[in-house]
Protein chains: 2
Amino acid sequence: MARNAWTPVWRAAHAADVVTYSLRVATAKAEETRERILDAALSLFRQRGFDETTMRDIAAEAGVATGAAYYYFRSKEELVMAFYARTAEEAREVIPPLVTRSHDLGKRIRGIIDTQLKQFEEHRRLMVALVRIGIDPKHPLSPFGEETSEMRNASIEFFRAAIAESKPVVPKDLLDDLPRLLWLYQMGIILFWMFDESRGQRRTRALLDGTIDLVVRLIQISSLPMMGRLRKRLLAILRAVEE
Amino acid sequence: MARNAWTPVWRAAHAADVVTYSLRVATAKAEETRERILDAALSLFRQRGFDETTMRDIAAEAGVATGAAYYYFRSKEELVMAFYARTAEEAREVIPPLVTRSHDLGKRIRGIIDTQLKQFEEHRRLMVALVRIGIDPKHPLSPFGEETSEMRNASIEFFRAAIAESKPVVPKDLLDDLPRLLWLYQMGIILFWMFDESRGQRRTRALLDGTIDLVVRLIQISSLPMMGRLRKRLLAILRAVEE
DNA sequence: CCTTGGTTTTGAACACGTTCAAGGAGGCAC
DNA sequence: GTGCCTCCTTGAACGTGTTCAAAACCAAGG
């Protein structure tokens with residue numbers, strides 16, 4: 001999907017463009033070089049870990065000069081971001097059909113999250129590098145920042161689709177904000193998962209099993225007619241916090 | 001309080017010792033040097049920010065050689081940690097009397113959190129440096145790790161005191177785990193606050209106003225006799241997640 | 001005093017992420 | 001061909017956090 005439509009990030013032409021976190025690329029040969037560098041990086045990251053891999057290693061492995069990587073990627077972390085962007089692109093194809101397969105809200109949410117975790121699986125520890133810098137909302141690569149808004153919004157839309165015509169039915173006044181909240185919930189789960197060293201990330205499973213049910217139940221309860229006031233209050237908090 | 005009782009962190013003699021994140025210090029002169037370096041660092045951090053201050057700057061400001069700082073602190077971040085440890089020490093004196101002032105659970109929790117935020121206020125942005133590395137539970141300075149357990153436990157004890165003989169009454173089967181959950185809640189609030197650039201961190205206030213009430217209400221609801229099953233389920237999730 | 005053994009201090013050296021001026025490489029106009 | 005322009009590539013150089021062997025200091029014992 002649009003692997004060739006590279007747009008300098010800071011000049012994204014159309015909102016629909018897939019952000020791939022690359023710098024200038026014009027020719028086919030350049031594209032190949034970029035890919036070679038990214039592949040070399042991911043391969044080394046997986047073998048040795050992020051901190052243990054140097055940019056010199058990566059360049060050597062890709063057969064280019066040290067500075068070459070910086071022609072295509074602004075920083076070492078952006079190499080990880082490029083991997084993330086790749087999977088996000090895949091998710092756009094995989095997740096929408098998955099959501100339509102069932103009307104059960106819990107199953108839909110679970111499906112979305114499971115899919116993403118499976119995508120990241122091989123590079124689980126690697127994502128820590130993204131979190132370390134992304135936790136600062138001022139950093140370009142922050143998941144909350146301007147530059148990542150496209151990917152974030154795409155991800156939020158998955159959840160908007162998930163709560164549409166679902167069982168249980170989501171009250172109308174939540175339709176706007178709930179997707180963002182669910183996205184936040186997902187980010188929390190992924191964060192937990194990244195540091196979950198239990199066999200097969202068993203603990204994350206337990207957390208998912210317990211909390212998805214809870215989330216759905218909570219939505220259900222807040223849907224009761226008598227709970228209109230509670231919903232309003234929660235939304236008011238959310239508004240105040242989001243400014 | 002025990003400002004002189006410096007114990008190498010990795011050989012903490014007694015659990016009661018205050019961890020100050022310093023390396024070997026034997027003589028009074030050395031203690032003065034250490035203090036001078038820490039003060040120089042904090043002063044520069046506050047003026048220019050963490051990333052913009054180099055270890056060479058700090059050493060120069062303190063009037064010592066570049067390597068001197070590494071005799072007392074294992075890393076640049078540990079300078080920030082030393083500041084954090086200082087405030088934690090203060091908190092041990094300030095917070096306990098504060099908790100006994102009222103029986104209102106909400107007010108107690110609010111008091112604890114407000115106090116900590118006020119302590120950090122001057123160095124708010126600085127704490128980001130701690131989060132960046134602390135988010136990784138494997139890092140020595142992680143708030144979840146072994147090395148910080150004393151400070152963490154002290155902090156958790158504040159909340160244990162807060163839920164003791166409070167209004168509303170906390171059900172017995174929550175007494176063990178609730179303090180840790182409240183501590184986690186506090187960490188979340190502090191995290192939000194660190195990145196809250198609104199005037200006077202207005203948004204954090206809004207978040208506190210909204211959520212503390214909610215937390216208390218939730219405890220209240222879960223105390224109803226009919227809610228025993230819900231409590232058991234929540235605790236089961238917690239156990240599974242904590243391993 | 002001198003020696004000895006620990007503690008503290010020094011500053012050069014190292015490894016790393018990143019920058020940048022300089023130089024190909026390839027196409028296009030004439 | 002020759003000049004020119006843009007895209008791509010190079011590798012030395014810079015600034016940084018950190019390490020470490022050596023020196024300086026200092027108190028106690030002789």
Side-chain angles (χ1 to χ4, degrees), chain A residues 4 6-8 11 21-38 40-41 44-45 48-82 126 129-130 132-133 139-141, chain B residues 4 6-8 11 21-38 40-41 44-45 48-82 126 129-130 132-133 139-141:
Chain A
N4 295 340
W6 278 315
T7 317
R11 288 195 219 142
Y21 294 89
S22 72
L23 303 197
R24 313 145 258 203
V25 171
T27 73
K29 204 183 96 198
E31 180 191 328
E32 209 217 290
T33 308
R34 192 196 105 103
E35 211 78 351
R36 214 168 58 243
I37 292 171
L38 179 54
L44 290 176
F45 287 158
R48 311 182 195 167
F50 182 80
D51 288 327
E52 290 70 28
T53 304
T54 74
M55 290 302 267
R56 285 162 181 83
D57 291 341
I58 295 171
E61 175 86 6
V64 295
T66 322
Y70 288 93
Y71 184 74
Y72 295 100
F73 306 91
R74 277 174 302 177
S75 67
K76 194 178 173 187
E77 281 87 5
E78 197 154 293
L79 283 162
V80 185
M81 197 57 172
L126 188 53
L130 274 191
R132 274 212 296 244
I133 59 162
H139 193 284
L141 297 185
Chain B
N4 295 341
W6 277 316
T7 318
R11 287 194 218 145
Y21 295 89
S22 72
L23 304 197
R24 314 144 258 203
V25 169
T27 74
K29 205 184 96 202
E31 180 193 327
E32 209 216 289
T33 308
R34 192 196 105 103
E35 210 77 353
R36 214 167 58 242
I37 292 171
L38 179 53
L44 289 176
F45 287 158
R48 312 183 195 165
F50 183 80
D51 288 327
E52 290 69 28
T53 304
T54 74
M55 291 301 266
R56 286 163 181 81
D57 291 341
I58 294 171
E61 175 86 4
V64 295
T66 322
Y70 288 93
Y71 183 73
Y72 295 100
F73 306 91
R74 277 173 301 179
S75 67
K76 194 177 173 187
E77 281 88 2
E78 196 155 292
L79 283 161
V80 185
M81 197 57 172
L126 188 52
L130 275 191
R132 274 210 298 244
I133 58 163
H139 193 284
L141 297 185

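Chain letters run A, B, ... following the sequence lines, proteins first and then strands; every chain starts at 1.
For the pair Leu44(B) CG and dT16(D) C1', the interatomic distance rounds to 16 Å; values are reported in whole Å. Between the CG atom of Leu79(A) and the P atom of dG17(C) there is a distance of 11 Å, given to the nearest Å. Spacing between atom OH of Tyr72(B) and atom C1' of dT9(C) amounts to 8 Å, rounded to whole angstrom units. Atom CZ of Phe73(B) is separated from atom P of dT9(C) by 12 Å (rounded to the nearest Å). Rounded to whole angstrom, the span from the CD atom of Glu32(B) across to the P atom of dT8(C) amounts to 13 Å. The NZ atom of Lys76(B) sits 14 Å away from the P atom of dT19(D) (whole-angstrom rounding).
A donor-acceptor contact shorter than 3.5 Å links the side chain of Arg36(B) to the backbone of Ala62(B).
Counting heavy atoms from C-beta outward, Ile58(B) and Thr66(B) have side chains that stay 4.5 Å or more apart. The closest side-chain heavy-atom distance from Met55(A) to Tyr70(A) is below 4.5 Å. No side-chain heavy atom of Thr54(B) sits under 4.5 Å from any side-chain heavy atom of Leu44(B).
The salt bridge (Lys or Arg N to Asp or Glu O under 4.0 Å) contacts involving residues 56-67 of chain B comprise Arg48(B)-Asp57(B), where partners must be two or more places apart or lie in separate chains.
Nearest-nucleotide positions on DNA chain D place Val64(A) closer to the 5' end than the other of Ser75(B) and Val64(A).
With sequence neighbours left out, the side-chain contact (heavy atoms from CB on, under 4.5 Å) criterion links Leu126(B) to Leu42(B), Phe45(B), Phe50(B), Val80(B), His123(B). With sequence neighbours excluded, the residues satisfying side-chain contact (heavy atoms from CB on, under 4.5 Å) with Ala59(B) are Val64(B).
Taking the side chain of Thr33(A) as heavy atoms from C-beta on, and the options dG17(C), dT7(C), dT9(D), the nearest nucleotide is dT9(D). Distance from the side chain of Ala65(A) is smallest to dT10(D) among dT10(D), dG17(C), dT9(C). Checking dT9(C), dT18(C), dC8(D) against the side-chain heavy atoms of Tyr71(B) singles out dT9(C) as nearest. Distance from the side chain of Thr66(A) is smallest for dG11(D) among the nucleotides dC8(D), dG11(D), dG11(C).
Taking every heavy atom of both residues into account, Met81(B) and Leu141(B) meet most closely at CG-CD2, 3.9 Å. Of all non-hydrogen atoms in Arg34(A) and Phe73(A), the two that sit nearest each other are NH1-CE2, 3.4 Å.
Annotation: proximity of residues 50-63 of chain A to DNA chain D (heavy atom, distance under 4.0 Å) is found for Arg56(A), numbered in ascending order.
Each end of the helix from dC1(C)-dG30(D) to dC30(C)-dG1(D) gets its own axis, taken as the rotation carrying the C1' atoms of four end pairs onto the next four within a five-pair window, and the two axes meet at 30° to the nearest 10 degrees.
With respect to the salt-bridge test (charged N to carboxylate O, under 4.0 angstrom), the residues Lys76(A) and Asp51(A) do not qualify.
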Which nucleotides of nucleotides 20-28 of chain D have their base under 4.0 Å from a protein heavy atom (B), which only their sugar-phosphate (S), and which neither (-), written as one string 5' to 3'?
------S--
Applying side chain to side chain contact (heavy atoms under 4.5 Å, CB included) to Leu38(B) and Tyr72(B), what does each step give before you reach the verdict?
CA-CA 9 Å; Leu38(B) 179 53; Tyr72(B) 295 100; over 6 Å; no
